[in-house]
Amino acid sequence: MADSGVSGGADKKDNIEREKIEGKELTKEEKQRLRKEKKQQKKGKEKKDASLPQVSVAETAAPASQLKAERRARQEAERTSKQSKKGDTGQPATTSKPKIPPNELQPVVKRLPEHIQVDDPDVLKKLAKKLERQQTTENSEIQKIPRRLDYGYKVSLFSHLLQYSRKAPLTQQLSIPSAVIHPAIVRLGLQYSQGIVAGSNARSIALLHAFKQVISDYTTPSNEELSRDLVNKLKPYISFLNQCRPLSASMGNAIKYIKKEISNIPSQFKEDDAKKKLLNCIECFIEEKIVLAAKAIAKSSIEKINDGDVILVYGCSSLVNHILCEAFEKGRKFRVIVVDSRPRLEGREALRRLVQKGISCTYVLISAVSYILPEVSKVFLGAHALLANGYVMSRVGTSQIALVAKAFNVPVLVCCETYKFCERVQTDSFVSNELDDPDDLIVTRKGETQLKDWQQVPRLGLLNLVYDVTPPDFVDLVITDLGMIPCTSVPVVLRVKNVDLL
Amino acid sequence: MPGPYRETDLTEKVEAFLSDLKRGGSGTGPLRGSAETARETTALLRRITAQVRWSSAGDLMEVIRKEGRRMSAAQPSETTVGNMIRRVLKIIREEYARSRGSSEEADQQESLHKLLTSGGLSEENFRQYFTALKANVIEAINELLTELEGTTDNIAMQALEHIHSNEVIMTIGRSRTVEAFLKDAARKRKFHVIVAECAPFCQGHEMATSLSKDGIETTVITDAAIFAVMSRVNKVIIGTQTVLANGGLRAVNGTHTLALAAKHHSTPLIVCAPMFKLSPQFPNEEDTFHKFVSPHEVLPFTEGEILSKVNVHCPVFDYVPPELITLFISNIGGHAPSYIYRLMSELYHPEDHEL
C-alpha cells in the first residue's frame with residue numbers, strides 16, 4: 001500500500017493504540033469510514049496541501065496531527081486484519097471501470113437524511129439531540145434550534161415524512177433577538193416556510209444571498225481558523241433552514257460548494273481577504289450556474305421552437321418562462337398553453353409573466369389536459385432535480401402531463417441546469433417527498449366548505465404532495481447548459497462534474 | 001272539463017321538467033343525479049301515454065318522439081333523458097308486436113334472410129288499433145320504473161365479489177353509484193380509498209366526507225397527484241356520466257388521465273354504470289361531445305388585468321376510449337367493454353337511435 005508511510009520514530013502512543021485496535025474487531029461502518037479517510041488522505045497528498053479533510057457528515061473538527069496519527073494506526077490494523085481484500089485504495093484512479101466502483105462505493109452508504117425517517121423514534125431522538133448540540137453559549141445563554149412539530153393526521157403511506165402547518169412557523173418558537181441564528185437566516189427561513197420564496201432557483205439564490213450577508217457579518221474568534229469556524233457557524237443555520245422547509249437538491253449542491261470553498265481557504269489569508277474571496281466565489285456560482293446557464297439553455301431551446309408551435313407548460317418554472325420570453329423576443333411566432341393545478345396555482349404567476357410580454361396564452365387546469373393536448377405540438381417542463389437514474393423530480397403533476405403527452409405522441413422536453421443534478425436515485429414518489437400543509441386542500445364553494453372539520457373526522461386524511469418523479473421513458477430530451485442530452489445521460493454528466501471538481 | 005284541464009296540467013309538468021333540465025347543468029342548478037333524471041323522465045312519459053289522446057301505436061310514438069326531441073334539446077349533455085325515451089319507444093314496439101301476435105325476434109332483426117325472402121322491408125307503420133295496448137304499455141313502463149329504482153342496489157350487491165380486504169382503491173369525483181358500491185363492501189371488508197378531488201368543482205371532497213363517515217379509511221388527493229400515487233393502488237373504480245356505443249365513456253374531466261395512469265401501472269379500471277346510462281351515441285360527434293361551463297371556475301374574475309388577454313377553458317367531460325377499461329359493472333351483471341354494443345341492441349331499436 002502506497003500510504004503506509006509510517007515514520008521511523010513510531011511513538012509509544014502509536015504502538016499502544018495499534019495494539020488496542022488490533023484486538024478489536026472492526027465493524028463494517030468503521031471499515032467504510034477508514035476506506036473513506038484513506039481515499040481523502042490520498043487526495044490530500046496529491047494536492048500537496050496542508051488542508052484538512054473535507055468536512056464529511058460524521059467528522060468533527062480535530063487537530064490535523066492527531067487525526068493523521070490515528071489514521072496511520074488504523075491503517076496498520078486494517079492491513080494486518082485484511083489480507084485477502086484486493087488492493088483498491090492503493091491504486092491510483094485508473095481508467096478501468098471495475099477498479100473505480102469500490103472507491104466510489106464508500107461515500108454511498110451514508111446516513112439517510114432525517115426528514116425521510118420520521119417514523120423511526122430513534123432517529124427523531126438523535127435529531128433533537130443534534131439540534132441541541134448546535135447551540136452557542138454566548139452571553140451564557142443556551143439557546144437551541146427549535147424543532148418543528150408535525151401537524152394533523154398523516155396518511156399511513158407517508159408516515160415516514162414530515163408534515164407541517166403553515167400557520168405555525170418555526171420562528172414563533174425563537175426568542176427575539178436570537179443569538180444563535182443570524183437575522184438574515186431567520187428571515188429566509190420564514191420566507192421558505194410561508195411559501196413567499198418558492199421555486200428551486202429562487203430558493204438557491206435567496207440562500208446564497210443570505211450566506212453572503214452572514215459571511216460579511218462574520219468575525220473570526222481569537223483562537224480559531226476562519227476555514228473551520230465558519231463552517232461550524234453555518235451548520236446550525238442549515239439545520240434551522242432544514243426545519244423550516246426541507247432543503248432542495250439545488251440548495252444542497254450550493255451548500256456543498258460553499259463549504260468546499262470555505263474549507264479551501266488557506267490559513268495565511270487575512271480575514272478581510274478571505275471574506276472577499278468567499279463573496280466573490282458565491283457571486284461566481286450564481287453567475288455561472290444560474291444566470292449564464294439560463295442563457296445557454298435558452299439559446300439551445302430556441303432552435304427547438306418553430307413558428308406556429310403550440311407549447312404547453314406546467315406551473316411556474318423560471319427557466320421555462322425565461323426561454324419562452326427569449327424566443328418571443330427573437331421573433332418566433334407561437335402560442336402557449338399554461339396548465340395549472342390546485343392548491344398552489346402557480347400557473348397564474350407564469351400566466352401573468354407571459355401575458356405581460358405579449359405572448360398569446362390559454363389557461364386550463366390539469367384535469368382538462370386530455371382535452372387540450374390534441375392541439376399541442378410540444379411540452380416544455382421545468383425540473384426541481386435530475387436524479388442519477390434518469391428520473392426527473394419536479395412539481396407534482398409533471399409526471400401526469402408527461403404521461404398524457406406520451407399517449408398523444410407529443411414530444412416532452414425538460415429544461416434543467418446542471419447544478420440541479422443530484423446523485424440520489426429514486427423510483428417512486430413515496431420514499432422521499434415533501435408533504436405540504438394539508439389545510440391547503442380545503443376550498444369553499446358556493447358558501448360551503450366540505451372539508452372544514454376534516455381533523456375531527458377520524459378516518460379522513462388530506463394529502464398535499466409537493467414533488468413527484470417522472471420516469472425517463474416519458475421524457476424525450478433534456479436541455480442543459482452542457483447541451484441537449486437524453487435523460488439517461490445524467491450520471492455521465494455527474495461523473496464529468498465530479499472529476500472537474502476534484 | 002277533465003280533458004283539456006288534464007292536458008294543460010300535463011303541459012305544465014313538461015315545461016317545468018324542461019326548465020329544470022335547462023337550469024340543472026352540472027354544479028349550477030340543484031344537483032340532480034342521473035338516476036333521478038331517468039326516473040322523472042320515465043314518469044313523465046308514463047303520464048303522457050296515459051293522458052294524451054292517441055289511437056294507434058304510431059301516434060303515440062310520434063308524440064313521444066316530439067316531446068323527446070324537446071327534452072333532449074333542453075340539455076344535450078344529459079343523455080339519460082334520450083335513453084329513457086328510446087327505451088319507452090322500444091317498449092311500445094314490443095307491446096305492439098305482442099298484441100299483433102307476431103314474435104318479437106323476427107320483427108326486430110333486419111337479417112339478410114328476411115330481406116331476401118320477404119322481398120323488401122316489411123310495412124310496419126303501427127296503424128292498427130288494439131284496446132289493451134294502452135294498459136300494456138303503461139304496465140311495461142311501470143316495470144321499467146321499478147327496474148330504475150333498484151339499479152343502485154343491484155350494483156352495490158356485487159361489490160363483495162370485486163373488492164378484497166386490505167385493498168387500496170382509487171376513485172375520482174363523486175358518483176352515487178360508486179359510493180353505494182364502496183359502502184356495501186365496507187360492511188364486510190376493510191380497505192382504503194383514495195379520492196381525487198376533481199377540480200374545479202371539487203366534488204371529491206363530498207365523496208370523501210361521506211365515505212369516511214361510514215368508517216372507510218379515506219384520503220383526498222389533488223388531481224396533480226394521480227400518477228404519483230397510482231403505483232400503490234390496486235383497483236380504480238369510477239362512475240361515469242354516459243357509456244357510449246363503442247364501449248367508451250364520457251366521464252368527468254380528469255378521468256382520461258386516471259385511465260392512462262391505471263393502464264401504465266396495469267391496474268384494473270372498473271366502471272360502475274347502470275344500464276340507463278348506455279347511450280347509442282358515438283364519440284366522433286365533436287360538436288356535441290364536449291360541454292363547457294363558465295371559465296370563472298378556473299380563473300376567477302379577481303385576476304383582473306390578464307382576463308381579457310387569455311383564453312380559458314373549463315370542459316366538464318372527458319372521453320375515455322374502451323381500450324383503457326377493464327370491466328363494466330351494471331345492474332344486470334359485469335361485462336367487458338367489447339360486449340356493450342350487444343347490450344345496446346337489446347335495449348334500443350336501431351330506428352330510434354336518431355330521435
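Below, read A as the first sequence line, B as the second, and so on, with proteins coming before strands; counting in each chain starts at 1.
- With a 4.5 angstrom heavy-atom cutoff, A/V457 touches chain B only via side-chain atoms.
- Contacts between B/P295 and chain A at a heavy-atom distance below 4.5 Å are absent for every atom of the residue.
- The shortest non-hydrogen separation linking A/L460 to B/A208 is CD1-CB, 3.9 Å.
- Here the straight-line distance linking atom CD of A/Q356 with atom NZ of B/K309 works out to 8.5 Å at 0.5 Å rounding.
- Two residues are said to be in side-chain contact when any heavy atoms from C-beta on lie closer than 4.5 Å; A/L462 and B/T219 fail this criterion.
- Applying the side-chain contact (heavy atoms from CB on, under 4.5 Å) test between A/L365 and each of B/D223, B/V312, B/V298, B/L299 identifies B/V298 as the sole match.
- With a 4.5 Å cut-off on side-chain heavy atoms, B/H264 and A/L403 count as touching.
- Here B/V310 is the residue among B/V193, B/V310, B/L211 with the most heavy-atom pairs under 4.5 Å with chain A.
- Interface remark: A/V369 contributes side-chain atoms only to the contact with chain B (heavy atom separation under 4.5 Å).
- Heavy atoms of A/I337 lying under 4.5 Å from chain B are absent altogether.
- Between the side chain of A/S367 and the backbone N or O of B/A199, at least one donor-acceptor pair lies under 3.5 Å.
- For the set B/M230, B/K263, B/H192, B/E197, the entry with the most heavy-atom pairs within less than 4.5 Å of chain A is B/E197.
- Side-chain atoms of A/Q400 do not come within 3.5 Å of backbone N or O of B/T257 as any donor-acceptor pair.
- Your options are A/L451, A/I401, A/I442, and the one with the most heavy-atom pairs under 4.5 Å with chain B is A/L451.
- In terms of non-hydrogen atom pairs under 4.5 Å with chain B, the most contact-rich of A/R348, A/R395, A/K406, A/R352 is A/R348.
- Here the rule is side-chain contact (heavy atoms from CB on, under 4.5 Å) with A/Y371, and of B/Y319, B/F292, B/F317 only B/F292 fits it.
- A distance of 11.5 Å separates CZ in B/F227 from OG1 in A/T398, rounded to the nearest 0.5 Å.
- Contact check for B/T222 versus A/S341: no side-chain heavy atoms found under the 4.5 Å cut-off.
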Evaluation steps, side chain to side chain contact (heavy atoms under 4.5 Å, CB included), between B/I306 and A/L351: CA-CA 8 Å; B/I306 49 176; A/L351 195 65; 3.9 Å; yes
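- Neither the backbone nor the side chain of A/S360 comes within less than 4.5 Å of any heavy atom in chain B.
- Taking both residues in full, the closest heavy atoms of A/D468 and B/A224 are given as OD2-O, 4.5 Å, listed atom of the first, atom of the second, then distance.
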B/I216/A/R459 under side chain to side chain contact (heavy atoms under 4.5 Å, CB included): CA gap, chis, key distance, verdict: CA-CA 7 Å; B/I216 304 179; A/R459 288 190 171 68; 5.9 Å; no
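- Contact between B/D318 and A/S370 at its shortest, heavy atoms only, is OD2-OG, 3.5 Å.
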Side chain to side chain contact (heavy atoms under 4.5 Å, CB included) evaluation trace for A/Y363 with B/N311: CA-CA 6 Å; A/Y363 179 79; B/N311 293 332; over 6 Å; no
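- Annotation: side chain of B/E217 is not in contact with side chain of A/P458 (no heavy-atom distance under 4.5 Å).
- Per-residue heavy-atom pair counts under 4.5 Å with chain A were compared for B/C314, B/A228, B/C202, and the maximum is reached by B/A228.
- The environment of B/N166 atom CG is sparse: at most 12 non-hydrogen atoms of other residues, nucleotides or ligands sit within 6.0 angstrom.
- At a 4.5 Å heavy-atom cutoff, the contact between B/V229 and chain A is made by backbone and side-chain atoms alike.
- Between chain A and the options B/I226, B/I221, B/V195, heavy-atom pairs under 4.5 Å are most frequent for B/I226.
- For the pair A/F430/B/S231, a side-chain contact is recorded, criterion being any heavy-atom separation below 4.5 Å from C-beta on.
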